[in-house]
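Note sheet for the following structure.
Predicted, not measured: the structure shown is a model, and the values here were computed from it. Any value given below was found using the heavy atoms of this structure, including those in side chains, with hydrogens, waters and symmetry copies removed. Order of the sequence lines sets the chain letters (A, B, ...), proteins ahead of strands, with each chain counted from 1.
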Protein chains: 2
Amino acid sequence: MDKKITINDIAAKAGVSKTTISRYLNDKFDNMSKTTKVRIEQTIAELDYHPNRQAQALKARNSFLIGVSVADISNMYTSRLLKGIGDYFQKTHYQVLIMDADNDINRELSNLEQMMTEQIDGMILQPLVHQPDHYQFLINKKTPVVQVDRYIEPFTWPAVVSDNFQKSVDLAKIFKTKQYDTVIVLANRITGVSSRMNRYNGLKAGLTGSQITVHLIEIDDSNWQSILTATLNVSQRTAIFALNGQVLWSAVRFLKAQQLRVPEDVGLVGYDDDQFADMISPAIASVSQNPQEIGRIAAEKLNLIMNEHGVLPKNIRIPSTIQLRDSL
Amino acid sequence: MDKKITINDIAAKAGVSKTTISRYLNDKFDNMSKTTKVRIEQTIAELDYHPNRQAQALKARNSFLIGVSVADISNMYTSRLLKGIGDYFQKTHYQVLIMDADNDINRELSNLEQMMTEQIDGMILQPLVHQPDHYQFLINKKTPVVQVDRYIEPFTWPAVVSDNFQKSVDLAKIFKTKQYDTVIVLANRITGVSSRMNRYNGLKAGLTGSQITVHLIEIDDSNWQSILTATLNVSQRTAIFALNGQVLWSAVRFLKAQQLRVPEDVGLVGYDDDQFADMISPAIASVSQNPQEIGRIAAEKLNLIMNEHGVLPKNIRIPSTIQLRDSL
DNA sequence: TTGAAAGCGCTAACAT
DNA sequence: ATGTTAGCGCTTTCAA
């Protein structure tokens, strides 16, 4: 390994004090002679010097690090979310530290602890848990936080989310128009995940006063398939509403295996994964979110909070779009 | 913002010197009285103290930061790659700094510069460019690097990749058996991307001596669709080989629009995105890579290089699997 | 069993 | 226009 070049090496080689080098690094050229400036520039290039960020951070008393905690890094929603966050911070002097909770509460906790040790200046959090007391240590710390996709209640930090409730209300209208008598909501465990709760509750709200029955089936339940079959057997015209991309594909797989036709035997509508929903036959109706925009706005909001304190917590809803296709 | 708690605060409150606190933090209990240990433990818990990583890094002369540079963060391959990398480093004391080049050479360069400033201890690189001179500054720095998915030539750093060439040779056999007379390779620009080159060259190698013609069509070319149509018109039995997931879906979309039947009118085989390839009708044959394993192995390898210097550059191939389905 | 003091690479207040 | 110096939070040598 090469010996690391420091500010002292540059100072010595350029024949000036390290203060002058520091001034150069921080663009303080007001009182610097042209010659000195050029000489420093050359020396830095020659030795390929990069100022040590840890030392700068230590001195400045902040780390220029943003922590991003995601529930599960390996799905499209997250990828696009991260794209948006990265695009924004790319233009700033912050670095992004992404940590994957892998849907494991203990791992999330350990990640958040790590972030504290890294002295992160701010954080974007897709919380695994709905209860604020689980994040109490973070709340106490007063670290700037922006939530994405989901939020804890009561609101402690601003959240940037999709308009989940409203879009389910809209879907309810469609179910009524198409004269379904049963809607099965297929989801991962919804308790404690605000986005899923809102999708479920929005549907029920939109359906009040109608004759349509709503069933919730969680695929974490090992015998969800038999529950689903049983439910289908006792209903006339049923639609399945899959609350995320992964669940949608489980549903498609199930229907294929059971040789149930869509939409003749059962209607189907999902969330996300638009480009694929569009591709299969019949094309599947879905609610299309905008995770990249959610990420971008969250990053922007966080930057605002970090640098001009006192912005109030607020719930920011990014519109999603219902893509009506052949499956309903 | 709360005043940050430092080692001095703990020392003062616990009534010992900061040396002793430091010893506690670094598990040096050999000569520490039980009482002192307990008192420190309590004080740390009470004040919710987290040692400052920047200060530790400055002292230790390394950052405990790993840089990961990916070509494009928003696709499934990358997500799963990152999952593997994260899972590995999760168990170490390293943090992972993920940077997205967004397929932009300048942005990649800027990211790598940033990483130098962050004093990263090591790097996992999915290079955008094939030529070593583009990465010369990195090579000079002697930063430990492991390449993933692709590599620059001649080999400078070890690379963990899929067995691209071999799997294309295997596919060639299948094309022969199924008596195709033309294979169209559909891809993003392959020049300078070793994985794509190997897939293309493997196919040609496997086909030498046969009567089968190979055409390469790059979808970056704005009129790829007309080129494709023209090619299909002059051939008898054609198969399309799409070199990655994204391109595969472009192909599916194209064939659907042209109302060409698969496999009757044209055969189709792709790469990645297995769960979707499996879902559509007809199910599409595809080569299934293992990006999570690639990530894990790369991380492991990097850790090895960083901590026990002198491991020689080597090309590690992770097997992928050909999933033969109805589309061929 | 514990502490004092020096120093990691940088910035900034205060010189000159 | 530039330099001297103290100090950010930590680890480590040396001493007690």
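Nearest nucleotide to the side chain of B:K59, out of C:dG9, C:dT2, D:dC10: D:dC10. For B:T36, whose side chain is taken as the heavy atoms from C-beta onward, the closest listed nucleotide among C:dT2, D:dT2, D:dG7 is C:dT2. For A:V16, counting side-chain heavy atoms from C-beta on, the closest listed nucleotide (D:dA1, D:dG3, C:dC10) is D:dG3. Of the candidate nucleotides C:dG9, C:dG3, D:dT2, C:dG3 has the atom lying nearest to any side-chain atom of B:S17. Closest contact between the side chain of A:I7 and the listed nucleotides C:dA4, C:dT11, D:dG9 involves C:dT11. Of the candidates D:dC10, D:dT12, C:dT2, D:dT12 carries the atom nearest the B:K28 side chain, counting heavy atoms from C-beta on. Here C:dA5 is the nucleotide among D:dT4, C:dA5, C:dT2 with the atom lying nearest to any side-chain atom of B:T19.
The backbone N or O of A:Q119 lies less than 3.5 Å from a partner atom in the side chain of A:S63, making a donor-acceptor pair. Put simply, the side chain of B:R80 never gets that close to the backbone of A:S74: no donor and acceptor are under 3.5 Å apart.
Atom CZ of B:R39 is separated from atom C1' of C:dT1 by 12 Å (rounded to the nearest Å). C:dG9 atom P lies 16 Å from atom CD1 of A:I44, rounded to whole Å. For the pair A:K18 NZ and C:dG7 C1', the computed distance is 10 Å after rounding to whole Å. The nearest whole Å value for the distance from the CD atom in A:Q119 to the C1' atom in D:dC10 is 11 Å. What separates CZ of A:R53 from C1' of C:dT11 is a distance of 14 Å, to the nearest Å. Look at CE on B:M32: it is 13 Å from P on D:dT12, rounded to the nearest Å. Taking atom CG on A:D30 and atom P on D:dA1, their separation rounds to 9 Å, with Å as the unit. In this structure, CG of B:L58 is placed 17 Å from P of D:dG7, rounded to the nearest angstrom.
Within the 4.0 Å cut-off from OP1 or OP2 of C:dG9, not a single side-chain nitrogen or oxygen of A:N52 is found. A sub-4.0 Å separation between OP1 or OP2 of D:dT2 and a side-chain N or O of A:S33 is present. Between B:K37 and the phosphate of C:dT1, there is no side-chain N or O to OP1/OP2 separation shorter than 4.0 Å. At C:dC8, none of the side-chain N or O atoms of A:T6 fall inside 4.0 Å of OP1 or OP2 (strictly under the cut-off). The side chain of B:Y24 contributes no N or O atom lying less than 4.0 Å from OP1 or OP2 of C:dT1. For B:Q56, a side-chain nitrogen or oxygen approaches OP1 or OP2 of D:dT11 to under 4.0 Å.
For the pair B:R296 and B:E300, the salt-bridge criterion is met [side-chain N within less than 4.0 Å of a carboxylate O]. Using a 4.0 Å cut-off between charged side-chain N and carboxylate O, B:K83 and A:D72 make a salt bridge.
Applying side-chain contact (heavy atoms from CB on, under 4.5 Å) to A:Y135 and the options A:N140, A:V145, A:L109, A:I152 leaves one that passes, A:I152.
The shortest distance between side-chain heavy atoms of B:M123 and B:I66 does not fall below 4.5 Å.
When the nearest nucleotides of DNA chain C are assigned to B:R61 and B:G15 by heavy-atom distance, the more 5′-ward of the two goes with B:G15. With the nearest nucleotide of DNA chain C identified for both A:R23 and A:N8, A:N8 has the one nearer the 5' end. Each of A:N31 and A:A60 has a nearest nucleotide on DNA chain D; the 5'-most of these lies closest to A:N31.
Counting non-hydrogen atoms under 4.0 angstrom, B:Y49 reaches the backbone sugars and phosphates but no base.
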